Amino acid sequence: MTQDAQSFDGRRWHDMGGNAAGPVPTDQHDFSLWEKRVDALMIISSAKGHFTVDGLRRVLEDMAPEAFETMTYYERWIASVNQNLIEAGVYTTAELAHRMSEVAARGATYGEASNG
């Protein structure tokens, strides 16, 4: 394992427990619609047997260190859910790309999509 992938004390880079990180925000906030959808997709897909918590965690732990610096919590989760669904054969990367192109063609906002 490289120095980047594992710290000097034997922990992998994503294991931040015990490291100084500043104060923990305690203010309440609502989740955005897309974050709620990620959570729902994760629960439904898991219930259908497409992956396990261990599978989700494996993908999260295999992400590059930059993922935890540049991606939000739910961005990392949707990446993990997506990878697990591809591995389970639910869809292929080509199918996903095609559907994403269709969605992008609808417009950048829900308003544009409903007018098209």
Side-chain angles (χ1 to χ4, degrees):
M1 199 170 276
T2 67
Q3 183 64 26
D4 290 339
Q6 186 168 345
S7 67
F8 65 91
D9 64 1
R11 296 187 301 175
R12 291 186 65 193
W13 61 268
H14 67 276
D15 186 358
M16 299 176 197
N19 295 346
V24 174
T26 58
D27 54 322
Q28 296 295 317
H29 67 281
D30 194 14
F31 296 100
S32 64
L33 181 58
W34 80 269
E35 292 170 326
K36 291 176 183 179
R37 288 178 174 168
V38 169
D39 192 59
L41 179 62
M42 182 178 63
I43 291 168
I44 292 167
S45 298
S46 178
K48 288 185 171 254
H50 294 307
F51 52 76
T52 64
V53 171
D54 292 334
L56 291 170
R57 184 175 178 145
R58 175 191 47 82
V59 174
L60 290 168
E61 290 177 354
D62 286 346
M63 288 181 178
E66 299 80 41
F68 278 70
E69 299 296 327
T70 60
M71 297 171 76
T72 68
Y73 178 84
Y74 280 100
E75 287 172 335
R76 291 189 306 267
W77 273 103
I78 194 58
S80 181
V81 168
N82 181 57
Q83 181 63 36
N84 275 274
L85 290 174
I86 290 169
E87 290 174 5
V90 175
Y91 52 81
T92 66
T93 54
E95 290 169 328
L96 177 61
H98 177 73
R99 294 302 290 268
M100 289 178 72
S101 294
E102 289 177 343
V103 171
R106 292 185 213 154
T109 67
Y110 286 117
E112 289 176 16
S114 62
N115 291 333

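Along the sequence shown, residues carry numbers from 1. Please read these numbers as outputs of a predicted model, since none were measured by experiment.
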query = After noting the C-alpha distance and the side-chain angles of Asn82 and Val59, does the key distance pass the side chain to side chain contact (heavy atoms under 4.5 Å, CB included) rule?
reply = CA-CA 10 Å; Asn82 181 57; Val59 174; over 6 Å; no
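- Ser46 places no side-chain N or O within 3.5 Å of a backbone atom of Met42 that could act as its donor or acceptor partner.
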Side chain to side chain contact (heavy atoms under 4.5 Å, CB included) between Tyr74 and Lys36, intermediate numbers included = CA-CA 9 Å; Tyr74 280 100; Lys36 291 176 183 179; over 6 Å; no
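- Side-chain heavy atoms closer than 4.5 Å link hydrophobic residues (I, L, V, M, F, W, Y) into clusters, and following such links, even through other members, never connects Leu60 to Val53.
- Inter-residue side-chain proximity for Arg99 and Glu95 is flagged as unmet; no heavy-atom pair is nearer than 4.5 Å.
- The aromatic rings of His29 and Phe31 stand perpendicular to each other, their planes meeting at an angle above 60°, with 30° marking the opposite boundary.
- If you run side chain to side chain contact (heavy atoms under 4.5 Å, CB included) between Arg37 and each of Asp39, Leu33, Leu41, only Leu33 comes through.
- Put simply, Tyr91 and Ile44 are part of two different groups of oily side chains (I, L, V, M, F, W, Y) that touch within less than 4.5 Å, one to the next.
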task = Test Thr72 against Trp77 for side chain to side chain contact (heavy atoms under 4.5 Å, CB included), laying out the working first.
result = CA-CA 9 Å; Thr72 68; Trp77 273 103; over 6 Å; no
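- Checking side-chain atoms of Asn84 against main-chain N and O of Ser80 turns up a donor-acceptor pair under 3.5 Å.
- Clustering ILVMFWY residues whenever any of their side-chain heavy atoms sit less than 4.5 angstrom apart, transitively, puts Met100 in the very cluster that holds Ile78.
- Residues Tyr73 and Met63 share a single hydrophobic cluster, defined by chaining ILVMFWY side chains whose heavy atoms lie under 4.5 Å apart.
- The backbone N or O of Met71 sits less than 3.5 Å from a side-chain atom of Arg76, completing a donor-acceptor pair.
- With a 4.5 Å cut-off on side-chain heavy atoms, Arg58 and Glu87 count as touching.
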